[in-house]
Number of protein chains: 2
Amino acid sequence: MVDNIINNFTTVDNSSLVDKVEANLVELLQNRKLKVGDVIPKEIELVETLGVSRTVIREALARLRTMGLIESKKKKGSVITSPDIFGIMSKSMNPHILDQETLKEIFEIRLVLEIGMADFIFQKITKEDINELKEIVKNEPLSSESHLFNIDHEIKFHGKLYEITGNKTMKTFQRMLLPIFDYVHNSGLLQKQLEQKKFVSHKGLVDILENGSPELFRNAMRNHLENHFARLIMSAENVG
Amino acid sequence: MVDNIINNFTTVDNSSLVDKVEANLVELLQNRKLKVGDVIPKEIELVETLGVSRTVIREALARLRTMGLIESKKKKGSVITSPDIFGIMSKSMNPHILDQETLKEIFEIRLVLEIGMADFIFQKITKEDINELKEIVKNEPLSSESHLFNIDHEIKFHGKLYEITGNKTMKTFQRMLLPIFDYVHNSGLLQKQLEQKKFVSHKGLVDILENGSPELFRNAMRNHLENHFARLIMSAENVG
DNA sequence: TAGTTTTGTTATGTCATACATAATACATCA
DNA sequence: TGATGTATTATGTATGACATAACAAAACTA
């Protein structure tokens with residue numbers, strides 16, 4: 001009996017005014033199918049239409065702005081923008097704040113991406129790309145002297161691979177994840193380097209890109225990243 | 001002469017007060033290496049320390065809040081939270097707003113992920129998972145009757161694969177991308193279905209999961225997604 | 001008349017103050 | 001003691017004022 005009464009109260013709307021206005025505005029964007037560049041109503045108009053103070057309107061607009069949905073210009077008002085989805089994310093990508101489990105998962109995603117990219121790389125790669133890769137590899141520090149491998153160089157090589165896919169979003173994604181990788185490498189989150197047993201070197205990967213197939217490349221990349229995998233698995237076992 | 005003078009003025013920082021305060025706060029989070037749950041200074045304290053109005057402080061805090069970096073409670077103040085990075089992103093994941101190029105790129109990322117996942121799936125998959133997949137496949141509509149293939153069913157099957165990886169972040173990522181896929185499928189963004197030539201069916205994938213290897217699975221998945229690839233490539237050619 | 005400067009208008013950015021509201025700690029009373 | 005009311009505190013909302021940038025129209029000069 002009492003439970004029923006209580007349950008009737010659980011639907012109390014807990015959201016703040018700003019939440020509602022925000023939802024309202026987002027809905028406006030979605031339903032009206034507004035295009036990039038379209039302007040949305042002025043603050044004052046919204047104040048009158050929605051019946052709340054300018055403070056509330058402004059905070060709601062501020063949210064859309066930080067989400068990259070709109071951009072505000074003096075005099076002109078607020079216009080819809082094509083959000084840089086990962087740009088927003090990158091601000092919250094603070095390795096110090098993300099918990100370790102998430103960090104590890106993000107690291108996994110990187111590995112997944114690089115193996116899965118093979119098809120697109122082969123589809124898009126040009127002669128110039130291969131030459132550029134060769135150039136990068138040429139300047140590669142010897143594996144013997146890089147016990148803790150040269151992370152800058154890693155980024156350069158693998159970054160180029162992302163570039164070749166021609167997928168800007170994916171490239172942005174990688175750039176965003178870089179601080180994470182850096183952090184994960186420097187932290188104790190991964191097992192310390194086993195031995196540096198890269199069955200397939202960067203040079204080997206380039207060779208395959210030149211003469212091989214996506215299938216070969218996937219397996220080679222899998223091998224190349226063997227260390228990372230091994231370390232991830234081990235630390236997972238330590239945790240679990 | 002005049003040019004020099006002018007040039008001296010070009011370094012005027014264009015950022016608003018809020019921008020500066022925001023940067024200040026983010027830096028605070030990063031440098032002080034604050035942990036989740038730590039409280040940050042009260043609004044009033046920040047007003048006094050930084051010498052700006054509460055309005056500015058509040059908007060900066062609002063930004064951190066929408067980025068999921070902090071959470072504000074009455075009386076208690078603002079505490080640092082572990083941000084749900086993809087949760088934030090999903091709000092700006094409005095297919096109507098994202099431009100077509102980005103949409104296509106996101107779709108590509110999906111394909112890349114699913115091919116690259118193979119290793120993790122094999123590493124984590126259990127007997128129960130396989131049984132569950134079999135169950136899903138059993139209820140599969142016949143491919144003959146699903147000219148435009150059953151998207152709900154696709155999501156169910158592929159979603160389960162994401163789940164098996166045990167990578168919650170990746171799963172979240174997928175969930176976030178679903179509206180995009182839905183939209184891309186229903187839009188004219190992809191070539192209309194060629195013929196439904198799936199060399200490898202869902203059932204075939206399950207068989208491989210049970211008896212095959214990651215390498216086999218990757219190739220099978222590549223094949224399975226052949227339609228998507230073909231359509232992406234074609235529409236890319238149309239554009240380019 | 002063409003081109004430049006000035007002025008005015010408009011919408012966002014910032015400030016200040018007051019009050020509302022929720023959460024907590026403290027005091028009060030049965 | 002333990003439930004209940006009350007004070008305090010920090011965020012939430014409202015309002016009014018002024019600052020500033022962008023743009024447009026008017027005014028002015030060559």
Side-chain angles (χ1 to χ4, degrees), chain A residues 2 6 9-25 28-29 34 36-81 83, chain B residues 2 5-6 9-26 28-29 34 36-81 83:
Chain A
V2 174
I6 292 294
F9 280 101
T10 56
T11 51
V12 170
D13 176 355
N14 197 16
S15 61
S16 70
L17 269 179
V18 178
D19 290 331
K20 288 171 196 155
V21 173
E22 180 197 349
N24 233 309
L25 290 173
L28 178 79
L29 298 193
L34 299 176
V36 171
D38 291 354
V39 303
I40 65 177
K42 316 301 173 200
E43 291 178 356
I44 300 295
E45 293 171 16
L46 289 172
V47 166
E48 288 160 1
T49 307
L50 301 178
V52 294
S53 75
R54 187 168 165 231
T55 308
V56 173
I57 297 289
R58 279 188 58 77
E59 179 159 346
L61 287 175
R63 290 190 188 176
L64 300 200
R65 204 158 33 224
T66 64
M67 291 189 297
L69 291 178
I70 65 172
E71 220 167 68
S72 303
K73 296 255 169 159
K74 291 187 177 181
K75 164 83 179 182
K76 198 172 181 188
S78 298
V79 304
I80 298 178
T81 58
Chain B
V2 174
I5 295 173
I6 292 294
F9 281 100
T10 55
T11 50
V12 170
D13 63 348
N14 197 13
S15 60
S16 68
L17 272 177
V18 178
D19 290 331
K20 288 170 195 156
V21 173
E22 180 198 349
N24 234 308
L25 290 174
V26 170
L28 178 80
L29 298 194
L34 299 176
V36 170
D38 291 354
V39 302
I40 64 177
K42 316 299 172 198
E43 292 179 355
I44 300 296
E45 294 171 15
L46 290 171
V47 166
E48 288 160 1
T49 308
L50 301 178
V52 294
S53 75
R54 192 169 158 228
T55 308
V56 173
I57 298 288
R58 280 187 57 76
E59 179 159 345
L61 288 175
R63 289 190 187 176
L64 300 200
R65 205 158 31 226
T66 62
M67 291 188 297
L69 291 177
I70 64 172
E71 219 167 67
S72 303
K73 295 255 169 163
K74 293 188 178 181
K75 165 82 179 183
K76 197 171 181 190
S78 298
V79 303
I80 299 179
T81 58

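For clarity, every value in this text was computed on a predicted model and none was experimentally measured. Side-chain atoms are counted along with the backbone in the values below, which use heavy atoms only and exclude waters and symmetry mates. The sequence lines fix the lettering, A, B, ..., with proteins before strands; numbering per chain opens at 1.
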Give, for atom CD1 of B/I70 and atom CG of B/L61, the distance between the pair rounded to the nearest 0.5 Å. 4.5 Å
Which whole-number value in Å describes the distance from A/E71 CD to C/dG13 C1'? 16 Å
Can you pull every protein N or O that's under 3.5 Å from an N or O on nucleotides 22-25 of chain D?
none

When rounded to whole Å, the CD to C1' distance for the pair B/E22 and C/dG13 reads 15 Å
With side chain to side chain contact (heavy atoms under 4.5 Å, CB included) as the test, would you mind laying out the steps for A/V79 and A/I40 before giving the verdict? CA-CA 6 Å; A/V79 304; A/I40 65 177; over 6 Å; no
In whole angstroms, how far is the C1' atom of D/dT11 from the CD atom of B/E45? 13 Å
Starting at NZ of A/K42 and ending at P of C/dG13, how long is that distance when rounded to a whole Å? 12 Å
Taking distance alone, no hydrogens or angles, what donor-acceptor pairs closer than 3.5 Å link side-chain atoms of residues 45-53 of chain B to residues at least two apart or in another chain?
| from | atom 1 | to | atom 2 | distance (Å) |
| --- | --- | --- | --- | --- |
| B/T49 | OG1 | B/E45 | O | 2.8 |
| B/S53 | OG | B/T55 | N | 3.3 |
| B/S53 | OG | B/V56 | N | 3.4 |

Of D/dA10, D/dG12, C/dT12, the nucleotide closest to the side chain of A/E43 is C/dT12
Is the shortest side-chain heavy-atom distance between B/R65 and B/S72 below 4.5 Å? yes
When you measure from every atom of DNA chain D, which of residues 48-59 of chain B have a heavy atom less than 4.0 Å away? B/R54, B/R58
Applying side chain to side chain contact (heavy atoms under 4.5 Å, CB included), name anything that partners B/K76, two or more places apart in sequence or on another chain. B/K73
To the nearest Å, how far apart are A/I40 CD1 and C/dA11 C1'? 12 Å
Kindly point out which of D/dT11, C/dG13, D/dT13 is positioned nearest to the side chain of A/S72? C/dG13
Checking A/V21 against A/I57 for the side chain to side chain contact (heavy atoms under 4.5 Å, CB included) test, could you report, in this order, the C-alpha distance in whole Å, the side-chain angles of both residues, the deciding distance, and whether it holds? CA-CA 7 Å; A/V21 173; A/I57 297 289; 4.1 Å; yes
Whole-Å distance separating the CG atom of B/L46 from the C1' atom of D/dT11: 13 Å
Check A/L25 against A/A60 and note the closest heavy-atom contact, atom names and distance. CD1-CB, 4.1 Å
Got B/R58 and B/R63 here, is their nearest side-chain heavy-atom distance under 4.5 Å? no
As a check of understanding: the bend across the helix from C/dT1-D/dA30 to C/dA30-D/dT1, end axes from five pairs, rounded to 10 degrees, works out to 10°
To the nearest angstrom, how far is A/L64 atom CG from C/dT12 atom C1'? 15 Å
